[in-house]
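Counting starts at 1 for both ligands and their atoms, in listed order.
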Amino acid sequence: MTYQELDSLYRLPFFELIQRSRAVHEKNWPAAEVQLCTLLSIKTGGCSEDCSYCAQSARYNTDVVPERLMEKCQIMERAKAARESGSTRFCMGAAWRGVREGTQRFEQVLDIIRDVSELGMEVCVTLGEVGPGEAQKLKEAGVTAYNHNLDTSREHYPNIVTTHTYDDRLNTIRNVQDAGMSVCCGGILGLGESTEDRLKMLEVISSFNPQPESVPINSLMPMPGTPMAEEQGVDVFDVVRIIALARIAIPKAKVRLSAGRTNLSEEAQTLCFFAGANSIFYGDKLLTAKNPAVEKDLALIDKLGMTPQQPNRDQAAPAPDEAKPLEPAATQEAASC
Ligand code: SAM
Ligand code: DTB
Ligand code: SF4
């Protein structure tokens with residue numbers, strides 16, 4: 001969708017905009033379904049990059065204590081618990097600039113993905129930059145979607161990050177698409193950007209071919225110690241408008257109401273769902289920051305008569321190999337953790 005089209009929609013009176021996005025939503029999605037995704041930070045902190053919103057950058061003095069890559073058995077426990085709690089998508093994040101073929105850590109991550117993908121949930125990873133070779137290997141290991149956000153407009157990006165470029169981000173997204181993985185790509189509201197920056201970001205994301213499978217809309221969670229620690233929160237009506245635009249511009253994407261829900265009332269979240277959000281991160285923690293309690297989310301979903309979405313079968317992990325036992329070493333894994 002062009003900038004001009006996005007801009008005219010954005011200028012509509014609020015009710016007209018959300019009526020339009022609601023109509024697009026109902027044409028493309030069951031009206032009252034929400035996807036539940038669990039996030040796990042498998043490698044926390046100590047990141048070389050200088051993303052000025054991020055508590056995991058080694059360049060800032062934040063509360064995050066750097067950790068090594070988690071052990072596979074611990075990750076499997078968390079993934080199984082996520083499935084038990086009703087999540088249909090398991091997203092693993094790593095505080096890295098990127099991954100490289102031939103390194104031990106990449107091999108370890110592939111090994112983790114292979115096992116997690118056998119649990120039948122959608123498997124999403126966000127590991128930073130990948131080239132064509134890495135993308136191919138991730139796909140083969142069982143990744144269904146790769147999360148790589150553009151975060152803001154091309155123009156505003158250098159004010160936020162200097163250690164990599166907007167084009168680096170776009171190249172990774174191209175490599176992910178060429179390897180046949182779905183792309184999860186969105187941004188953050190509240191980085192000191194203008195409305196124009198937000199619309200430009202959506203213009204770029206909606207121009208991807210194919211369009212992304214999901215679009216996370218994060219609101220900045222100001223993290224103590226980062227350059228963005230004192231940024232003002234985003235007006236909830238701006239969040240709703242951007243969600244409505246994402247729904248209209250990228251009709252078949254899951255629009256994920258992502259970081260920042262702890263600052264949104266139930267009523268504000270309801271408006272976001274009405275405007276077109278149909279996915280959330282579910283679980284008390286995001287990567288390092290807080291997320292609403294599971295019980296609170298389930299109560300809201302119930303109050304609204306919404307139902308959790310089933311995993312997308314087209315993207316489900318490959319069927320288990322008949323020759324192998326069905327629950328590979330489940331008890332062994334639990335015991336070795
Ligand atoms: N290192 C990888 C990368 O940068 O792509 C993956 C992890 S990174 C933490 C994933 C995304 O989390 C970022 O692109 C950003 O959109 C979001 N994020 C990080 N810190 C945030 C914050 N304080 N508030 C809101 N969103 C945040
Ligand atoms: C995304 O767009 N949001 C998630 C996920 N993709 C990886 C991350 C949110 C991080 C919020 C800040 C934190 O937990 O440190
Ligand atoms: Fe590192 Fe990703 Fe955080 Fe940037 S957003 S500092 S690349 S973990």
Side-chain angles (χ1 to χ4, degrees), residues 37-60 62-67 69 89-99 105 109 123-130 145-152 156-157 160-166 168-173 176 183-193 201 205 212-231 233-234 239 246 253-264 277 279-292:
C37 313
T38 296
L39 253 185
L40 178 66
S41 179
I42 61 169
K43 161 67 184 83
T44 303
C47 183
S48 62
E49 302 307 282
D50 70 353
C51 312
S52 54
Y53 50 78
C54 186
Q56 301 198 71
S57 167
R59 296 168 190 250
Y60 313 127
T62 72
D63 299 337
V64 170
V65 180
E67 290 168 19
L69 179 62
R89 182 162 168 131
F90 192 65
C91 310
M92 293 175 276
W96 287 326
R97 179 195 167 105
V99 283
R105 79 179 188 197
V109 170
V123 180
C124 177
V125 291
T126 180
L127 312 170
E129 252 173 63
V130 294
Y146 195 88
N147 168 236
H148 204 62
N149 292 338
L150 286 181
D151 284 334
T152 189
H156 193 48
Y157 200 71
I160 305 301
V161 183
T162 67
T163 47
H164 55 260
T165 66
Y166 212 65
D168 291 333
R169 303 294 283 183
L170 289 170
N171 284 338
T172 287
I173 291 166
V176 166
V183 165
C184 166
C185 180
I188 312 182
L189 309 180
L191 301 175
E193 74 284 359
M201 176 183 82
I205 294 176
E213 169 267 344
S214 53
V215 180
I217 303 294
N218 297 279
S219 298
L220 176 72
M221 303 187 76
M223 306 306 270
T226 65
M228 294 270 151
E230 304 303 329
E231 279 303 306
V234 188
V239 179
K254 271 166 283 194
V255 176
R256 189 164 302 117
L257 177 58
S258 300
R261 284 199 300 119
T262 42
N263 292 324
L264 293 182
S279 177
I280 55 171
F281 287 119
Y282 170 68
D284 306 0
K285 204 172 168 194
L286 293 165
L287 294 173
T288 70
K290 281 197 179 136
N291 201 39

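- Protein heavy atoms are absent from the 4.0 Å sphere centred on atom 2 (Fe) of ligand 3.
- In the candidate list Gly260, Ser219, Pro222, Ser219 is nearest to atom 25 (C) of ligand 1, counting heavy atoms.
- The protein heavy-atom contact nearest to atom 24 (N) of ligand 1 is Met221 N, 3.0 Å.
- Ligand 2 has an N or O atom lying under 3.5 Å from an N or O atom of Leu287, backbone or side chain.
- At least one N, O or S atom of Cys47, from either the backbone or the side chain, sits less than 2.8 Å from atom 1 (Fe) of ligand 3.
- Shown in contact with Ala95 at under 4.0 Å from a heavy atom are these atoms of ligand 3, numbered in order with element: 8 (S).
- Geometrically, ligand 2 and Gln56 share no nitrogen or oxygen pair separated by less than 3.5 Å.
- Both the backbone and the side chain of Ala289 come within 4.0 Å of ligand 2, counting heavy atoms alone.
- Ligand 2 has no N or O atom lying under 3.5 Å from any N or O atom of Ser258, backbone or side chain.
- By the 3.5 Å distance cut-off applied to N or O atoms, Trp96 is counted among the residues near ligand 1.
- Contact atoms of ligand 2 toward Thr126: 7 (C) (distance under 4.0 Å to a heavy atom of the residue).
- Using a 4.0 Å cut-off between charged nitrogen and carboxylate oxygen, Arg169 and Glu49 do not count as a salt-bridge pair.
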